[in-house]
Undergrad: 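The structure follows.
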Amino acid sequence: MNIFLQELKAYRKSLTIWIIGVLVMVFSGMSKYAGMEGAGQSLNELMNNMPGVLKAMLGIQSLDVSSPLGFYGVLFTYLVIMLTVHAVMIGSTILSKEERDKTAEFLMTKPVTRPFIITSKLFAAAVQVTILTIVSFVSSLAAVYYFAGEGEFFREILIFSLGLWMLQVLFLTIGSGIAAMKKNPKKAPALSAAILLFTFFISIMADMTENLQPLKYITPFQYVTADMVINGNGIDGIYIFLTCILVSVFIWVTYDRYRKRDLYV
Amino acid sequence: MNMYRHEFKNVLKSTLIWTLSIMAITIFFFSMYPTFSEEAESLKRMLEGFPDALLQALNFNITAFTSILGFYSYIFVYISLAGAIQAMVLGTGIASREIREKTADFLLTKPVTRQSIMTSKLLAAFTAIIITNAGYLSTAYLMAVIVETEGFSQGIFFMISLSLFFIQLIFLSVGVITAVLISRLKAVLPVSLGTVFAFFVINMFSKSIGDEKMGYFTPFHYFDSMYILQHETYNPSNMILAFVLVVLLIISSYVVYTKKDIHTI
């Protein structure tokens with residue numbers, strides 16, 4: 001419990017900045033919605049007939065930005081990018097920072113087992129990630145209802161947020177898995193960032209052309225897509241299944257590797 | 001000169017990795033152009049049925065948009081994201097190394113002024129950026145010539161390509177000022193990734209909803225490749241803004257760094 005609380009305390013400054021960031025992003029983003037209303041039917045028609053590449057070029061991904069949910073969908077894509085950056089960074093630093101800051105010896109000589117330390121740290125990271133999801137969920141609800149007026153959006157925004165949380169947890173465990181594997185504590189965040197960027201670029205390429213559809217399975221950024229959620233299809237079961245497997249594997253890797261490895265002091 | 005050489009040697013490996021990665025991304029993106037131009041043909045046919053007024057209202061120059069330069073200005077957004085991350089990580093890393101690695105007392109007790117330390121660091125980072133841009137420029141040009149057999153305006157092509165250099169300069173100075181302002185920066189990546197992605201997301205969002213004013217908050221917008229494509233020149237006011245920003249950030253970095261308390265151990 002002490003380790004858990006200590007980790008929460010260590011990150012409170014960064015968490016505060018992130019919370020403010022999410023709030024600013026959601027509210028200033030949705031506040032632009034008012035100006036977008038009534039873009040016209042012919043525009044939507046044009047958008048719907050456009051080939052995938054050009055849609056990707058304009059950054060619209062077949063979303064109707066004149067509807068509140070379509071507009072929120074655009075914002076959601078960017079929320080995912082920001083919050084996965086947070087998740088992968090906290091996942092990789094929460095384990096590796098002891099070695100980076102030369103406090104590993106201090107912590108490891110305490111009468112607790114390594115699995116206990118990992119559990120406390122992972123919980124602390126998961127709590128922070130979840131706090132951000134909840135902040136994003138509540139502020140999104142408030143912002144969409146405030147700026148869009150009437151309409152029923154609760155279910156969609158809930159699905160969006162659950163999808164967001166799923167991706168955050170996935171990237172969190174990717175980060176912690178890498179941190180447990182890497183002997184040099186400075187390399188863990190770098191490798192995690194590289195994986196994040198790599199999957200992000202794969203996702204962009206998959207958006208650009210139909211030929212690269214299979215790539216959608218290897219990049220988490222394609223697991224939760226705004227148009228699927230808005231059309232009422234939610235999140236494809238196979239992606240949820242895939243995420244569960246990946247998360248379990250990375251958690252196992254985290255425990256297995258960190259328990260056995262020599263620490264860098 | 002010793003300091004410059006030392007700093008340069010220190011960043012050389014990561015610079016080479018970054019340069020090669022950016023070159024790889026460029027090659028992948030350009031190799032998608034043939035698919036793109038096929039899809040663009042079908043769009044052209046479709047758009048013939050649309051009234052001219054609508055297309056003008058959308059600011060939609062279809063010929064420019066579907067050419068290799070239109071394609072390039074789209075993919076360039078993502079290439080500049082990678083470049084910006086490199087530059088910010090470089091700037092933050094190089095200006096905070098002594099503090100992170102606890103070698104500040106070693107360096108600062110040498111008979112050199114803090115200004116000259118800063119200058120050596122900045123020059124080393126500048127050299128790294130020049131190497132990256134040289135690698136990028138040659139790759140991009142080569143790929144463009146290979147995939148587009150009909151020829152294109154080289155002036156616009158180089159103007160877009162060169163904006164990578166300017167964007168990197170801005171993010172380098174943002175990184176340096178961040179490093180000198182935070183008294184005990186422990187990790188480079190979380191803060192750099194967060195900052196660059198935040199600016200990137202602001203830029204993408206302002207583009208998706210067509211909000212020009214929002215663009216002033218993000219360096220990515222200063223060298224908007226779509227603007228260069230349409231006007232065949234850089235946006236003069238944004239160019240001045242970028243220049244002033246870089247000069248201000250660098251001067252303040254010197255001022256802060258020469259006066260700041262440096263924590264050792």
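Below, chains carry the letters A, B, ... as their sequence lines are ordered, and counting in each starts from 1. Hydrogens, waters and symmetry mates play no part in the numbers below; they use all other heavy atoms, side chains included.
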Undergrad: Given that the side chain runs from C-beta out, which part of A/Ala190 has a heavy atom under 4.5 Å from chain B: side chain, backbone, both or neither?
TA: both
Undergrad: Quick check on B/Ile202 against chain A: is it the side chain, the backbone, both or neither that has a heavy atom closer than 4.5 Å?
TA: neither
Undergrad: Check this for me: B/Phe152, atom CZ, are more than 12 non-hydrogen atoms of other residues, nucleotides or ligands nearer than 6.0 Å?
TA: yes
Undergrad: Near A/Lys187 NZ, under 6.0 Å, is it more than 12 heavy atoms from other residues, nucleotides or ligands?
TA: no
Undergrad: Counting only heavy atoms closer than 4.5 Å, note whether B/Phe200 contacts chain A via side chain, backbone, both or neither.
TA: side chain
Undergrad: What distance separates B/Leu189 CG from A/Ser92 OG, expressed to the nearest 0.5 Å?
TA: 8.0 Å
Undergrad: Do you know which two heavy atoms are closest between A/Asp101 and B/Lys186, and how far apart they sit?
TA: OD2-CD, 3.6 Å
Undergrad: Please state whether the side chain, the backbone, both or neither of A/Phe200 comes within less than 4.5 Å of a heavy atom of chain B.
TA: side chain
Undergrad: Applying a heavy-atom distance below 4.5 Å, give me the residues of residues 93-100 of chain A that approach chain B, sorted by number.
TA: A/Thr93, A/Arg100
Undergrad: Hey, what do you get for CD1 (A/Ile204) to CD1 (B/Ile25), rounding to the nearest 0.5 Å?
TA: 9.0 Å
Undergrad: Can you say whether A/Ile17 sits under 4.5 Å from chain B via the side chain, the backbone, both, or neither, judging by heavy atoms?
TA: neither
Undergrad: To the closest 0.5 Å, what do you measure between CE (B/Met204) and CD1 (A/Ile81)?
TA: 7.0 Å
Undergrad: Non-hydrogen contacts under 4.5 angstrom with chain A: give the residues of residues 11-21 of chain B involved, or none if there are none.
TA: B/Trp18
Undergrad: Counting only heavy atoms not in A/Lys183, do more than 12 fall under 6.0 Å of its NZ?
TA: no
Undergrad: What pair of heavy atoms forms the shortest contact from B/Gly194 to A/Val85, and how long is it?
TA: N-CG1, 4.3 Å
Undergrad: Grab the two heavy atoms, one from B/Phe205 and one from A/Gly29, that are nearest each other, plus how far apart they are.
TA: CE2-CA, 3.6 Å
Undergrad: Below 4.5 Å, heavy atoms only, C-beta onward: do A/Lys186 and B/Glu101 meet side chain to side chain?
TA: yes
Undergrad: With side-chain contact (heavy atoms from CB on, under 4.5 Å) as the criterion, how do A/Leu197 and B/Phe197 come out once you've worked through the C-alpha distance, each side chain's angles and the decisive distance to 0.1 Å?
TA: CA-CA 11 Å; A/Leu197 281 178; B/Phe197 267 101; 3.7 Å; yes
Undergrad: Please assess B/Met214 against A/Lys32 for the test side-chain contact (heavy atoms from CB on, under 4.5 Å), listing each intermediate value before the final yes or no.
TA: CA-CA 10 Å; B/Met214 224 159 129; A/Lys32 301 283 172 197; 3.6 Å; yes
Undergrad: What part of A/Met82 gets closer than 4.5 Å to chain B, counting heavy atoms only: side chain, backbone, both or neither?
TA: side chain
